[in-house]
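In this chain, residues are counted from 1 in sequence order. Source: prediction; values computed, not measured.
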Amino acid sequence: NMKNLDYEKILRFFMIFAIIGISILVVVINLFPNFAYEFYDLYPGTEHGQSNFITYPSVLYLFAIYNCFMFLGSNDLKYIDIFILLSILMSIMRIISIITNGFHITPFTVLAYPPEFLAAPVLFFIKSMLQKKTI
């Protein structure tokens, strides 16, 4: 009977499963890059690698854009908090990437690294100034 199902428990089960599954994936693909290249077919990318290479960063970009629109439409600082968290996580993963793969100056690093590392502190500062103003 569908009415008797505890949907909250089902949802909690899915979230716990997602946390465990995605956490394992994050650890494995960062500690075992050869597995990641093969799993995502990134190199040489003969099956679906090109699609994965474009899809996964695009999801992150689209989430960030959505978050910006949600803030602009609501002025709710929770969206700034989400953006700060996203920026912190990007910075942590970028640092892990630099540690495991080294640092190379390319057009990508010149364009991508400054916003990745500066977004969280700049947004946190602006948010704290806004909050001081409203108190």
Between Ser97 and Met93 (side chain of the first, backbone of the second, donor and acceptor by atom type, cut-off under 3.5 Å), is there such a pair?
no
Distance, nearest 0.5 Å, that separates [atom1] of [X] from [atom2] of [Y]:
X      : Y      : atom1 : atom2 : value
Leu123 : Leu85  : CG    : CG    : 12.0 Å
Leu86  : Asn67  : CG    : CG    : 7.5 Å
Tyr40  : Gln50  : OH    : CD    : 16.0 Å
Ile80  : Ser87  : CD1   : OG    : 9.5 Å
Ile95  : Thr100 : CD1   : OG1   : 11.5 Å
Leu11  : Asp6   : CG    : CG    : 10.0 Å

Do Val122 and Phe125 have side chains that approach each other closer than 4.5 Å (heavy atoms only, starting at C-beta)?
no
Joint cluster assignment, [X] & [Y], ILVMFWY side-chain distance < 4.5 Å:
X      : Y      : result
Ile88  : Leu77  : yes
Leu111 : Leu118 : no
Met70  : Ile84  : yes
Ile99  : Ile92  : no
Phe63  : Leu60  : yes

Can you tell me which residue among Phe39, Tyr37, Phe32 is in a ring pair (Phe, Tyr, Trp, His ring centres under 6.0 Å) with Phe35?
Phe39
Could you tell me which residues satisfy salt bridge (Lys or Arg N to Asp or Glu O under 4.0 Å) with Lys127, sequence neighbours excluded, listed by chain and number?
Asp81
What salt bridge (Lys or Arg N to Asp or Glu O under 4.0 Å) pairs are there with at least one residue in [range], not counting sequence neighbours?
range            : answer
residues 40-49   : none
residues 104-119 : Arg94-Glu116
residues 19-29   : none

Tell me which donor-acceptor pairs under 3.5 Å the side chains of residues 18-31 have, and how far apart each pair is, sequence neighbours excluded?
{"from": "Ser23", "atom 1": "OG", "to": "Ile19", "atom 2": "O", "distance (Å)": "2.5"}
{"from": "Asn30", "atom 1": "ND2", "to": "Val26", "atom 2": "O", "distance (Å)": "2.7"}

Look at atom OH of Tyr7 and say whether more than 12 heavy atoms of other residues, nucleotides or ligands are closer to it than 6.0 Å.
yes
Could you note down all residue pairs passing ring-ring contact (aromatic ring centres under 6.0 Å, His included) where residues 65-108 supplies at least one of them, sequence neighbours left out?
Phe103-Tyr113
If I compare all heavy atoms of Leu42 with all of Phe53, which pair ends up nearest, and what's the gap?
CD2-CB, 4.0 Å
